[in-house]
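Accompanying notes for the structure given below.
Just so it is clear: chains get the letters A, B, ... in the order the sequence lines come, proteins before strands, and each one is counted from 1. Predicted model, so just to flag it, every value in this text is computed and none were measured.
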Amino acid sequence: MTDTNTPANVEDAPKRSLNFIQEIVEEDNRTGKWGGKVHTRFPPEPNGYLHIGHAKSICLNFGLAKKYGGKCNLRFDDTNPVKEEQEYIDAIIEDVRWLGFDWDGEPLYASSYFEQMYEWSVQLIKDGKAYVCDLPLEKVRELRGSLKTPGKNSPFRDRPVDESVDLFEKMRKGDFPDGSKTLRAKIDMTHANMNLRDPVMYRILHATHPRTGSDWCVYPMYDWAHGLEDSIEGITHSICTLEFEDHRPLYDWFLNALGLHHPQQIEFARLELTHTLMSKRKLLELVQDNTVTGWDDPRMPTLRGMRRRGYPAESIRDLCDKVGVAKMHSTVEFALLEHCVRNTLNKTAPRFMGVLNPLKVVIENYPENESEELDAINNPENPSAGTRKVPFSREIYIERDDFMEDPPRKFFRLGIGREVRLRYAYFVTCTEAIKDETGEVVELRCTYDPATRGGDAPDGRKVKGTIHWVAANHAIPAGIRLYDHLFDKENPNDAPDGKDYRVNLSDNSLTVLADAMVEPALKGTAPGFHLQFERTGYFCVDLDTTPEKLFFSQTVSLKDAWAKMKKKDK
RNA sequence: UGGGCCGUGGUGCAAUUGGCAGCACGUCUGACUCUGAAUCAGAAGGUUCCAGGUUCGAGUCCUGGCGGCCCAACCA
């Protein structure tokens with residue numbers, strides 16, 4: 001991964017306080033609890049694509065290992081074959097790598113430990129701590145009681161050990177239909193924590209597993225399996241989200257019952273972002289009902305979506321660093337993510353000129369059939385990025401928004417009789433606006449000052465505005481897609497009774513500009529190429545680009561003081 | 001009297017563990033400017049959920065409230 005803390009500024013970097021998990025780790029290191037070892041893991045279930053919420057967990061777990069010289073495993077929690085697929089495994093591996101993290105050797109799988117888990121469960125049965133229960137689902141639910149009332153023991157709770165061992169072996173082999181039996185831990189049906197009311201350890205599932213095929217007819221439940229996976233791998237700090245706090249006693253119970261290496265489970269608040277959703281289920285719905293074009297739609301909060309949108313991995317890591325780690329439920333403003341994205345792209349993205357909504361301009365005193373090349377700076381933030389040539393000619397395109405017939409005083413751009421600078425080129429003055437029969441301006445007539453070549457006036461006169469442009473006969477047509485929040489509301493789930501998050505879907509999350517014109521230097525750029533269209537925003541060459549036609553996705557707009565002023569006036 | 005967790009500017013986090021409530025984003029000014037970007041300078045914004053208590057001193061400790069979130073899948 002890229003180091004965001006360069007050694008150079010470590011000295012004068014502000015002292016950052018530790019988050020509560022780092023404090024635990026440092027305390028453990030002080031007391032020698034784990035012999036100075038730090039071993040974490042990121043344990044996704046391969047039943048969907050990774051999103052920005054997962055990124056927080058990934059950065060936390062891999063980041064902790066890195067900070068304290070430890071290790072972090074990528075481990076698939078593949079204990080439910082009916083929901084999991086190889087497709088997701090592959091995608092998750094790709095996304096974690098893209099985010100900038102790596103691990104020792106091959107990824108790990110919970111399913112690799114199935115045999116060991118089975119042996120341990122037999123041991124628990126023999127210890128009188130687990131039993132095979134024949135109760136059907138509904139009956140189990142009924143006997144579990146409720147939040148305020150205790151549960152009741154299963155009639156199979158005290159079944160002879162040998163019988164349970166025998167039945168469990170038959171369950172494993174597939175002698176019983178799905179749902180007919182479970183293996184349950186014998187804990188306490190009256191416990192205030194529902195998780196301890198004889199939780200199911202194994203259910204029967206005649207399903208094909210992406211890795212173990214049809215070897216198994218029983219699959220372990222999360223609570224039973226997870227601690228064992230952590231234990232087997234020698235995990236020290238098992239970090240998960242808040243909703244598992246209630247499960248920690250069970251995590252601890254199993255490990256204690258077996259007397260195994262016992263990692264510490266620590267819970268933190270997951271990342272939530274305004275104007276978007278983190279629910280895998282809802283994201284899947286958006287894909288399935290074609291609200292978006294797929295998991296990698298640039299509007300999706302998935303890592304693939306953000307990657308396609310042009311968000312650099314570094315920015316996402318930066319966000320995760322900035323949001324911190326705590327136990328309070330919170331929702332981060334999307335603007336913080338955008339700030340992180342602009343911040344890295346400002347330093348790295350080469351600049352180009354592209355006209356989103358072209359308006360033709362004829363420079364009347366510029367010779368016909370002639371053109372010249374002007375020097376343009378590739379990245380003012382990075383001199384080593386060098387310069388490039390930009391062709392100029394008599395007919396150019398400028399942005400429609402950069403011209404107003406009757407501009408207000410504060411409008412620094414083109415108007416009739418006004419002079420502006422064409423970036424890196426000449427000062428031009430607008431002499432006439434040509435309209436069609438509907439009154440729409442379709443072309444501008446201008447004159448230029450040859451003495452201002454390169455963009456400076458020898459007489460020292462200033463212009464207030466500088467606008468971007470492309471030469472008409474050299475420009476490349478391109479398709480551009482602008483994106484906005486998928487949801488209008490900060491909290492998409494805030495819907496009236498009887499309605500769901502869909503009512504908050506934004507009408508303008510996607511704007512397609514079919515007739516954009518970009519400078520010829522962009523010819524041949526490949527998908528994934530990041531750039532800035534000056535004065536407009538950061539963009540990324542999209543996957544849909546072909547040798548015949550370029551498509552750009554807007555990553556994020558530039559901050560726009562003018563747009564803000566206009567908004568205020570309304 | 002089910003259990004668990006959490007309450008600090010608009011948002012996300014800090015506060016040397018009892019010592020002047022800070023940082024970042026956002027917002028608003030201004031400067032600079034061949035990107036109305038970036039950069040720079042500045043400002044506004046807090047009853048630290050409430051009420052008591054301990055203390056010279058409480059965001060921090062104690063007591064009692066209030067509020068929010070999570071838990072009754074053979075999901076994770």
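Distance, Arg30(A) CZ to rU17(B) P: 12 Å, rounded to whole Å. To the nearest angstrom, P of rC75(B) lies 10 Å from CD of Glu45(A).
Taking only side-chain nitrogens and oxygens, Arg342(A) never comes nearer than 4.0 Å to OP1 or OP2 of rA38(B). For rA76(B), one of the phosphate oxygens OP1 or OP2 lies less than 4.0 angstrom from a side-chain nitrogen or oxygen of Arg203(A). Distances shown here put a side-chain N or O of Arg535(A) below 4.0 Å from the OP1 or OP2 atom of rG36(B).
As judged by a 4.0 angstrom heavy-atom cut-off over every strand, Tyr202(A) is placed among residues making no nucleic acid contact. No contact: Phe533(A) has no heavy atom under 4.0 Å from any strand. Counting any heavy atom pair closer than 4.0 Å across all strands shown, Pro81(A) reaches no nucleic acid atom. Residue Lys347(A) is classed as having no contact, given no heavy-atom separation below 4.0 Å to the nucleic acid. Within 4.0 Å of Leu135(A), counting heavy atoms only, lies at least one base atom of the nucleic acid. Looking at heavy-atom distances under 4.0 Å, Leu147(A) makes contact with a base.
Looking only at atom types and distance, the side chain of Asp230(A) has a donor-acceptor partner in the side chain of Ser238(A) under 3.5 Å away. For Asn493(A) and Lys282(A), the side-chain atoms include at least one donor-acceptor pair closer than 3.5 Å. Side chains of Glu381(A) and Asn379(A): a donor-acceptor N/O pair is absent below 3.5 angstrom, by distance only. Side-chain polar atoms of Arg535(A) and His468(A) form a donor-acceptor pair below 3.5 angstrom. A donor-acceptor contact closer than 3.5 angstrom links the side chains of Tyr538(A) and Gln532(A). Thr344(A) and Ser315(A) share a donor-acceptor pair across their side chains, judged by distance under 3.5 Å alone.
An anti orientation is assigned to rU8(B), its glycosidic angle lying beyond 90° of 0. Base orientation at rA24(B) is anti, since its O4'-C1' glycosidic dihedral falls outside 90° of 0.
Taking 4.0 Å as the cut-off between side-chain N and carboxylate O, Arg41(A) and Glu233(A) do not count as a salt-bridged pair.
Ring-base stacking between Trp562(A) and rG36(B) is satisfied, the centre separation being under 5.5 Å and the plane angle under 30°.
Contact annotation: side chain of Asp560(A) to base of rG36(B), donor-acceptor pair absent below 3.5 Å.
Contacts between residues 322-333 of chain A and RNA chain B, counted as heavy-atom distances below 4.0 Å, involve Lys322(A), Val323(A), Val325(A), Ala326(A), Lys327(A), Met328(A), His329(A), Ser330(A), Thr331(A), Val332(A), Glu333(A).
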